[in-house]
Amino acid sequence: MTLHASAQKVESSARQRGLDIEIVEFAETTRTAQEAAAAIGCEVDQIVKSLVFIVGGHPVVTLLSGTNR
C-alpha cells in the first residue's frame with residue numbers, strides 16, 4: 001500500500017535521521033481522539049494526542065490524554 005504524500009515525507013525525514021519508524025494509515029478518519037479510538041478499538045483515554053507549538057523560536061511538544069481538551 002502506498003503512503004499518502006505527507007506520510008511519505010515524514011517517513012523519508014525520519015530515515016534520513018537514522019530512525020526506523022512504521023507509519024500506519026487508516027481507511028477511517030482519525031482526526032479526533034474519539035475517531036482514533038474507534039479506528040483501533042480502544043477507549044478514548046488510551047489515546048495520546050500530540051500538539052506542537054513554537055515558543056520563543058523553539059518547538060515544544062505536548063502529549064495529552066485523549067480525554068483532555
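Only this structure's heavy atoms are used, side chains among them; waters, hydrogens and symmetry mates stay out.
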Do Leu3 and Leu19 share a hydrophobic cluster, counting only Ile, Leu, Val, Met, Phe, Trp and Tyr and linking them when any side-chain heavy atoms are less than 4.5 Å apart? yes

Mind checking side-chain hydrogen bond (donor to acceptor under 3.5 Å, both in side chains) for Gln8 and listing every partner two or more places apart, or none if nothing turns up? none

For Gly66 and Ala33, which heavy atoms make the closest approach, and how far apart are they? O-CB, 3.5 Å

For Ser12, check side-chain contact (heavy atoms from CB on, under 4.5 Å) against everything at least two apart and list the hits. Gln16

Give the cluster check for Phe26 versus Ile21: same hydrophobic cluster or not, with ILVMFWY residues linked at side-chain heavy-atom distances below 4.5 Å. no

For residues 37-54, which side-chain donor-acceptor pairs fall under 3.5 Å, sequence neighbours excluded?
| unit_1 | atom_1 | unit_2 | atom_2 | d |
| --- | --- | --- | --- | --- |
| Gln46 | OE1 | Glu43 | N | 2.8 |
| Lys49 | NZ | Asn68 | O | 2.3 |

Count I, L, V, M, F, W, Y as connected when their side-chain heavy atoms are under 4.5 Å apart, and connections chain through other members. Are Val61 and Val10 then in the same cluster? no

Measure the spacing between OG1 of Thr2 and CD of Glu25 and express it to the nearest 0.5 Å. 9.5 Å

Partners of Arg31 by side-chain hydrogen bond (donor to acceptor under 3.5 Å, both in side chains), sequence neighbours excluded? none

Glu11 meets the salt bridge (Lys or Arg N to Asp or Glu O under 4.0 Å) criterion, sequence neighbours left out, with Arg15

Sequence neighbours left out, what passes side-chain hydrogen bond (donor to acceptor under 3.5 Å, both in side chains) with His58? Give chain and number order. none

